[in-house]
Amino acid sequence: MASPLQQEDRHEDRRAIRDAVRTLCRDFPDAYWREVDKKERYPQEFVDALTASGYLAALIPEEYGGAGLGITEAGIILEEINRSGGNPGACHAQMYTMGTVLRHGSEEQKRRYLPAIAKGELRLQAFAVTEPNAGSETTRIETRAVRKGDRYIVNGQKIFISRAKQSDLMLLLARTTSYADVQDKTQGISVFIVDMRNVKGKLDIRPLDMMINHHTNTLFIEDLEIPAENLIGEEGKGFRYIIDGWNAERILIASEAIGDGRWFVDRASSYARERVVFGRPIGANQGVQFPIAQAYAHVEAADLMRFDAAAKFDRKEKCGAEANMAKLLASEASWEAANVCLTTYGGYGFARDYDVERKFRETRLFTVAPVNNNLVLAFLGQNVLKMPKSY
Ligand SMILES: Cc1cc2nc3c(=O)[nH]c(=O)nc-3n(C[C@H](O)[C@H](O)[C@H](O)COP(=O)(O)OP(=O)(O)OC[C@H]3O[C@@H](n4cnc5c(N)ncnc54)[C@H](O)[C@@H]3O)c2cc1C
């Protein structure tokens, strides 16, 4: 049976995308990502190159100036970046945040923002959902947007909001009706487009000192005015709109994890072939070889689920279970591969020059964000397998 990689590469255009992204990534070798990580700087050169190539606008339809590709192709693009040793976390959110505008925005909003995003003239890199007092329970957000005439006045706080300083626009989730005043907790939440170029003094963005170079911030929002025309869709229906985007996000994150998993397996197996201790390559010892083979099998299995989820998504079929399972399995497989790779490298795994410790830190995120694997399991247990709800 053909491997998943071979199956999807039967499509010539997908193989061409894979090759083109590999070529682009060659200009951004390990040393580039190591330096960016060490200095905690934004990989602007890489983001510029990806934007210029058109791949960052993969999911924007052609009529709005994008490439009009499917989630399968977008996943291949991100997978190849991770597989090259890079990290698309600096800009990947643009691929899925714009989906909220595309699916639920007005024609006027789509015409105003999407072509400029596709050209790289506007950056939509930030999505402000998480709050300190709500955590995974998104319906408990307390940031409030109150309508006053033709604007909304917003007050509140957000945490772990990535790339807010590297973005022109930000999607913001806020309560327009308080939790206490709604019968259905998913109601009364709205999504806004915030133009961060005009918010001086109203939006305080404070960088967080994090384990990885992810440009993540706390936001303090005080009397921020948003024109009513920047509301996406209907007031109070925002929770539904972001849920619509979750499947795309989970499939893309799974793709990144697959890319990382393959990077770790490649590096571990090469090192195990070359490193000689006790007079033979360490990979000749089954204690070293088998864990790498096991991690490889798990990454390839997760990849099957990723392509299944992506194909269903692209056919516009229901894919909640598959998208969640892809994210779960891929993040676990990449984390297993990361551990195996670090173990295979011994002490060198901890040395920055070998890049394993950097990728090890980076790939750990996928089990936690954008959604924790516990909540993925709860979704499967409660919504798919119909067991009792815990929340
Ligand atoms: C690097 C980074 C970047 C991020 N970027 C963004 C961003 O750009 N925008 C944004 O909005 N958010 C962002 N996040 C936030 C991320 O989505 C949240 O951290 C995540 O959703 C979990 O929320 P929390 O951290 O408050 O954990 P909590 O909700 O406090 O959960 C803590 C632990 O308890 C577990 N838990 C909680 N409830 C249950 C339950 N009912 N059953 C079982 N287990 C449970 C969780 O699984 C987790 O293990 C980012 C986070 C990180 C680390």
Side-chain angles (χ1 to χ4, degrees), residues 56-61 63-71 74-75 78 88-89 91-118 122-131 134 138-139 141 143 145 152 154 156 158 160-164 166-176 186-196 219 221 224 226-253 309-310 313-314 316 318-320 323-324 327 369-371:
L56 200 51
L59 292 170
I60 298 180
E63 60 174 312
Y64 300 110
L69 298 170
I71 206 85
L78 294 178
C91 54
H92 62 182
Q94 186 148 304
M95 279 195 181
Y96 37 85
T97 38
M98 74 81 210
T100 308
V101 182
L102 180 66
R103 279 187 298 274
H104 304 288
S106 65
E107 193 53 36
E108 201 276 325
Q109 286 169 336
K110 287 187 243 186
R111 298 258 163 234
R112 181 163 5 136
Y113 296 117
L114 296 181
I117 292 170
L122 269 183
R123 297 168 301 175
L124 173 58
Q125 301 283 13
F127 199 174
V129 175
T130 308
E131 295 190 9
T138 305
T139 55
I141 59 167
T143 295
Y152 284 87
V154 185
K158 296 280 175 182
F160 300 131
I161 309 309
S162 303
R163 303 161 298 269
Q166 289 80 25
S167 200
D168 302 306
L169 306 174
M170 176 174 76
L171 292 192
L172 173 76
L173 202 66
R175 273 220 166 264
T176 33
T186 64
Q187 295 294 312
I189 293 175
S190 302
V191 186
F192 299 91
I193 304 175
V194 180
D195 190 334
M196 292 197 289
L219 309 184
I221 308 167
L224 172 68
I226 305 178
E229 68 199 32
N230 284 23
L231 171 74
I232 295 186
E234 266 182 74
E235 185 184 298
K237 306 272 183 228
F239 190 70
R240 282 272 137 234
Y241 302 158
I242 62 157
I243 285 184
D244 276 359
W246 281 351
N247 288 338
E249 188 179 64
R250 284 161 179 44
I251 295 167
L252 293 176
I253 291 298
F313 185 98
D314 284 334
K316 301 194 172 17
K318 273 179 85 171
C319 65
N324 275 282
K327 190 274 184 190
V371 60

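Everything quoted here is computed from the prediction, not taken from an experiment.
Here Lys158 contributes atom NZ and Glu131 contributes atom CD; the two are 3.5 Å apart, rounded to the nearest 0.5 Å. Note that the NZ atom of Lys237 and the CD1 atom of Ile189 stand 12.0 Å from one another [nearest 0.5 Å]. Between the CG atom in Asn230 and the OG atom in Ser190 there is a gap of 13.0 Å [rounded to 0.5 Å]. The distance from the OG1 atom of Thr97 to the CG atom of Leu59 is 10.5 Å, given to the nearest 0.5 Å. A distance of 9.0 Å separates CG of Leu78 from CD1 of Ile71, quoted to the nearest 0.5 Å. A distance of 9.0 Å separates CD in Gln94 from CZ in Arg123, rounded to the nearest 0.5 Å.
For Glu234, there are no salt bridge (charged side-chain N to carboxylate O under 4.0 Å, His left out) partners at least two apart in sequence or on another chain. Under the rule for a side-chain hydrogen bond (donor to acceptor under 3.5 Å, both in side chains), Thr130 has no partner lying at least two apart in sequence or in another chain. Judged as a ring-ring contact (aromatic ring centres under 6.0 Å, His included), and not counting sequence neighbours, Tyr64 has no contacts. Shown here are the side-chain hydrogen bond (donor to acceptor under 3.5 Å, both in side chains) partners of Thr186, two or more places apart in sequence or in another chain: Asp184. For Phe192, the ring-ring contact (aromatic ring centres under 6.0 Å, His included) test picks out Tyr152, with sequence neighbours left out. In terms of the ring-ring contact (aromatic ring centres under 6.0 Å, His included) criterion, residue partners of Tyr96 (sequence neighbours excluded) are, by chain and number, His92.
Residues Val191 and Arg240 fail the side-chain proximity criterion, which asks for heavy atoms closer than 4.5 Å. Looking at Leu171 and Leu124, their side chains come closer than 4.5 Å, going by heavy atoms from C-beta outward. Residues Met98 and Leu114 have side chains in contact (heavy-atom distance under 4.5 Å, counting atoms from C-beta outward). Inter-residue side-chain proximity for Leu219 and Met170 is flagged as met; some heavy-atom pair is nearer than 4.5 Å.
At least one donor-acceptor pair under 3.5 Å links the side chain of Ser106 to the backbone N or O of Gln109. No side-chain donor-acceptor contact under 3.5 Å links Thr100 to the backbone of Ile242. A distance-only check finds no donor-acceptor pair linking the side chain of Thr143 to the backbone of Gly156 [under 3.5 Å].
The two residues Ile141 and Val129 make their nearest non-hydrogen contact at CG2-O, 3.7 Å. Closest heavy-atom contact between Arg163 and Gly89: NH1-O, 2.8 Å. Smallest separation of non-hydrogen atoms from Ala126 and Ala164: CB-CA, 4.0 Å.
Between Tyr241 and His104, the ring-plane angle classifies as parallel under the 30° and 60° cut-offs.
Evaluated for a side-chain contact (heavy atoms from CB on, under 4.5 Å) with Lys327, the options Leu252, Asn247, Val371 yield exactly one hit, Val371. Looking at Arg112, Lys110, Arg111 one by one, the single match for salt bridge (charged side-chain N to carboxylate O under 4.0 Å, His left out) with Glu108 turns out to be Arg112.
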Could you walk me through whether Ile226 and Leu172 pass the side chain to side chain contact (heavy atoms under 4.5 Å, CB included) test, one step at a time?
CA-CA 10 Å; Ile226 305 178; Leu172 173 76; 4.0 Å; yes
